[in-house]
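Encoded as structure tokens, the structure appears first; notes follow it.
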Amino acid sequence: MLSELMSADTCAQCKYCCSFKSTSLWELPTFPAEAVKKLAKDTDAKFSIEKDGKYSFARPDLSGEYLSANPAEEVPCPFLDTDTGCSLSETDKPFDCKLWPLRVMRREDHLLLTMSIACPSIMTWELEQLRSYAQEKLRKPVREYVDKHPYIVKDMMPGYVALIEI
Ligand code: SF4
Ligand code: SF4
């Protein structure tokens, strides 16, 4: 979704975004419940099913994967191939990951498309360029997805910058 903005070379060196600390499990990608039935059958991945109002969704279940109580320990997503990157097809890859390093976040009554400042690839762009791109190319499809899958919305967190309201 953001391939025009991202650098494959930077990603290959960085590999930041597919491993998770126990303190940042809220960053784990969310999968629609129907996608999980297929993935649980075809792979060894474990999921935890969660509910948000009338919507069910799932996240990879990393509990039990941490070897220490060190909050700096990172555990990879079960779909990360350390040589080739994400092993999921474009169809199966969760929207959260297609949108990364952008996220949909809520601040008070506002739904915002935000950007992680932890991604070196996106940080090479000017903020105003990103805002124009988000307004023209992302606002409509992201809003449509959020209306059908509202559980992808996260509370505004430190380390994120608001780009546009959606
Ligand atoms: S954080 Fe950004 S640069 Fe790093 S691997 Fe993820 S998308 Fe690529
Ligand atoms: S689903 Fe793929 S892109 Fe998303 S965190 Fe897991 S390995 Fe990374």
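Start at 1 and go down the list; that is how both ligands and their atoms are numbered. Worth knowing before you read on, the calculation uses all heavy atoms, side chains too, and leaves out hydrogens, waters and symmetry mates.
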Show which side-chain atoms of residues 112-121 pair as donor or acceptor with protein atoms under 3.5 Å away, not counting sequence neighbours.
| unit_1 | atom_1 | unit_2 | atom_2 | d |
| --- | --- | --- | --- | --- |
| Thr114 | OG1 | Arg103 | O | 3.2 |
| Ser116 | OG | Ala118 | N | 3.0 |
| Ser121 | OG | Ser7 | N | 2.8 |

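Listed by chain and residue number, the protein N/O/S atoms under 2.8 Å of atom 8 (Fe) of ligand 1 are Cys11 SG, with waters left out.
In this structure, Tyr145 and Phe95 have parallel ring planes: the angle between them is below the 30° cut-off, well short of the 60° mark.
Lys140 NZ: 12 or fewer foreign heavy atoms inside a 6.0 Å radius. More than 12 non-hydrogen atoms from other residues, nucleotides or ligands lie less than 6.0 angstrom from NZ of Lys51. Summarising the local packing, CG of Asn70 is surrounded by more than 12 heavy atoms from other residues, nucleotides or ligands at distances under 6.0 Å.
Below 4.0 Å from some heavy atom of Leu80 lie the following atoms of ligand 2, by number and element: 7 (S). Annotation for ligand 2: atoms under 4.0 Å from non-hydrogen atoms of Cys77 are 1 (S), 5 (S), 6 (Fe), 7 (S). Taking every non-hydrogen atom of Cys97 and a distance limit under 4.0 Å, the qualifying atoms of ligand 2 come out as 1 (S), 3 (S), 4 (Fe), 5 (S). For ligand 2, the atoms sitting less than 4.0 Å from at least one non-hydrogen atom of Leu88 are 1 (S), numbered in the order shown with element in parentheses. For ligand 1, the atoms closer than 4.0 angstrom to any heavy atom of Trp100 are 1 (S), 6 (Fe), 7 (S).
Taking atom 8 (Fe) of ligand 2 as the reference point, the nearest protein heavy-atom neighbour is Cys18 SG, 2.4 Å. In this structure, atom 2 (Fe) of ligand 2 lies nearest to the protein heavy atom Cys86 SG, 2.4 Å.
In this structure, Ile49 shares a hydrophobic cluster with Phe31, Val36, Leu39, Phe47, Phe79, Leu88, the cluster being traced through Ile, Leu, Val, Met, Phe, Trp and Tyr side chains under 4.5 angstrom apart.
Residues passing the side chain to side chain contact (heavy atoms under 4.5 Å, CB included) test with Glu108, sequence neighbours excluded: none.
Under the 4.5 Å side-chain contact rule for hydrophobic residues, Met123 and Leu102 share a cluster.
Looking at heavy atoms from C-beta onward, Glu73 lies out of side-chain contact with Lys21 at the 4.5 angstrom threshold.
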